[in-house]
Student: 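Below is a structure I'd like to ask you about.
Computed from a predicted model, the values in this text were never measured in an experiment. First listed ligand is number 1; within each ligand, the first listed atom is number 1.
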Amino acid sequence: MEPKISDQPNFQEWIALLFQEKFGYPPQGQFRAPGRVNLIGEHTDYNDGFVLPMAIDRAVWLAAGRRDDRQVRLLACTLEREATFSLNDLQPDPEARWTNYVRGVLALLERAGHRLSGLDLVYGGDVPIGAGLSSSAAVEVAVAVAANHLFGLDLPLLEMARLCQQAEHEFAGTHCGLMDQLISLLGQEGHALLIDCRHLTWEPVPLPPDAAVVVCDTGRRRGLVESAYNERRAQCEEGARRLGVMALRDLDVERFDSQAARLPPLLRKRCHHVVYENDRTLRAVQTLRRGDAAAFGRLMNASHTSLRDLYEVSCEELDLMAALAQQQAGCWGARMTGAGFGGCVVAMVEHGLVDPFIQTVGSLYERQALRTPSFYLCRASAGAGPV
Ligand code: GLA
């Protein structure tokens, strides 16, 4: 079978039409929040470290209207699901987990003292779900941006990002870092962003002009990874505590190497990954600034190896996809992206060789993994906002 390259329907129009059809009046506002792909700096954000993600040209589109009462009517058109709930009773719903991102953001806004009214909401989009491209952060950010506009809240970006992160902690149970929500809000066309997750500062980093970012979806969806993710985070915190630092970000490679023997083997592996991944991320930015795509690619490959062997968040399908990608002519580097345990590999590929890359990797992967992969050729896009 031919590997699919997904095409992009016009979600904005489709969602506005659905809104009108469903609720009988036109939306008062429409909003877009992109997914993201992280180029390097994996599992470093919650260690106060460095990440290098870019917002992608796949997004959640949301059409919204304010109501006079406290009801929220929600239609998720890509999921083909509907729900109604009240702002007076905003709890996580274990039966309809897909609603929890919306519930969480609205609950935290109210808890922060913003008095909202009910809403009619229709959303959908083309960020694949459970693929490590931050579809859940995109939903949270879309809802936050919509509420910000419709209720005139004037929230600073960082506050919005933190609120969405908190919604994920409390309503989805993942103790995630801030990367996904930040990049969905801050994305810049044509650029990745180097984000310092301690100081919450960022700088745009241009991508090599002849490089294409190809996201290779293994088709394996993440299962219940919250517990494994939270466990990794706890191990890092324990490692930092034992080494006497506030966060693993405070250790450079030399200092870590000289003290690592104090850690039990498992914690040593976890911390090793984080400390070296921070170092790779900063070096990766330098390679991009001097236009050295080959050196950048080598750092991506090393990041994958470390996530596989030391942090142990990869899986068979990700390892196979990364290995196949790395072997192709014109591929500078490839690595798993996002939390792991399934989802996508990100590859940097020479523009002119993208078609043969996708053909070859697609058919080899399908034959060996017995799954059909998808490929998304991604452009770095702007962050969330009204459309
Ligand atoms: C998920 C989390 C992020 C980050 C990545 C791993 O996407 O939401 O905060 O920790 O995993 O880098």
Student: Quick test: of every protein heavy atom, which one is nearest to atom 8 (O) of ligand 1, and how far off is it to 0.1 Å?
Tutor: Asp180 OD2, 2.6 Å
Student: Does any non-hydrogen side-chain atom of Leu52 lie less than 4.5 Å from one of Phe296?
Tutor: yes
Student: Quick check: Tyr229 and ligand 1, any N/O pair under 3.5 Å apart?
Tutor: yes
Student: Please list, in number order, the atoms of ligand 1 under 4.0 Å from a heavy atom of Asp45.
Tutor: 3 (C), 4 (C), 9 (O), 10 (O)
Student: Would you say the side-chain atoms of Glu277 pair up with the backbone N or O of Gly41, donor to acceptor, closer than 3.5 Å?
Tutor: yes
Student: Could you list which atoms of ligand 1 come closer than 4.0 Å to a heavy atom of Ala339?
Tutor: 1 (C), 11 (O)
Student: Which atoms from ligand 1 have a heavy atom of Gly177 less than 4.0 Å away?
Tutor: 9 (O)
Student: Cation over ring, Arg103 on Phe85, under 6.0 Å and within 45°?
Tutor: yes
Student: Assess the side chains of Arg280 and Ser306: does a donor N or O sit below 3.5 Å from an acceptor N or O?
Tutor: yes
Student: Do Ser134 and ligand 1 have an N or O pair less than 3.5 Å apart?
Tutor: no
Student: Any side-chain donor paired with an acceptor under 3.5 Å for Arg249 and Asn47?
Tutor: no
Student: Take atom CZ in Arg379; do more than 12 heavy atoms of anything else shown fall under 6.0 Å from it?
Tutor: no
Student: Closer than 4.0 Å to some heavy atom of Met179 - which atoms of ligand 1 meet that?
Tutor: 4 (C), 5 (C), 12 (O)
Student: Any ion pair linking Arg198 and Asp196 (charged N to carboxylate O, less than 4.0 Å)?
Tutor: no
Student: Tell me: protein heavy atom nearest atom 6 (C) of ligand 1, and distance?
Tutor: Glu42 OE2, 3.3 Å
Student: Strictly distance-based, threshold 3.5 Å: is any side-chain N or O of Glu82 a donor or acceptor partner for the main-chain N or O of Ala76?
Tutor: no
Student: Would Arg36 count as a contact residue for ligand 1, given that I'm defining contact as a non-hydrogen atom of the residue lying under 4.0 Å from a ligand atom?
Tutor: yes
Student: Is there a polar contact between ligand 1 and His43, counting only N or O atoms under 3.5 Å apart?
Tutor: yes
Student: Considering only heavy atoms of Cys176, which atoms of ligand 1 have at least one such atom less than 4.0 Å away?
Tutor: 2 (C), 8 (O), 9 (O)
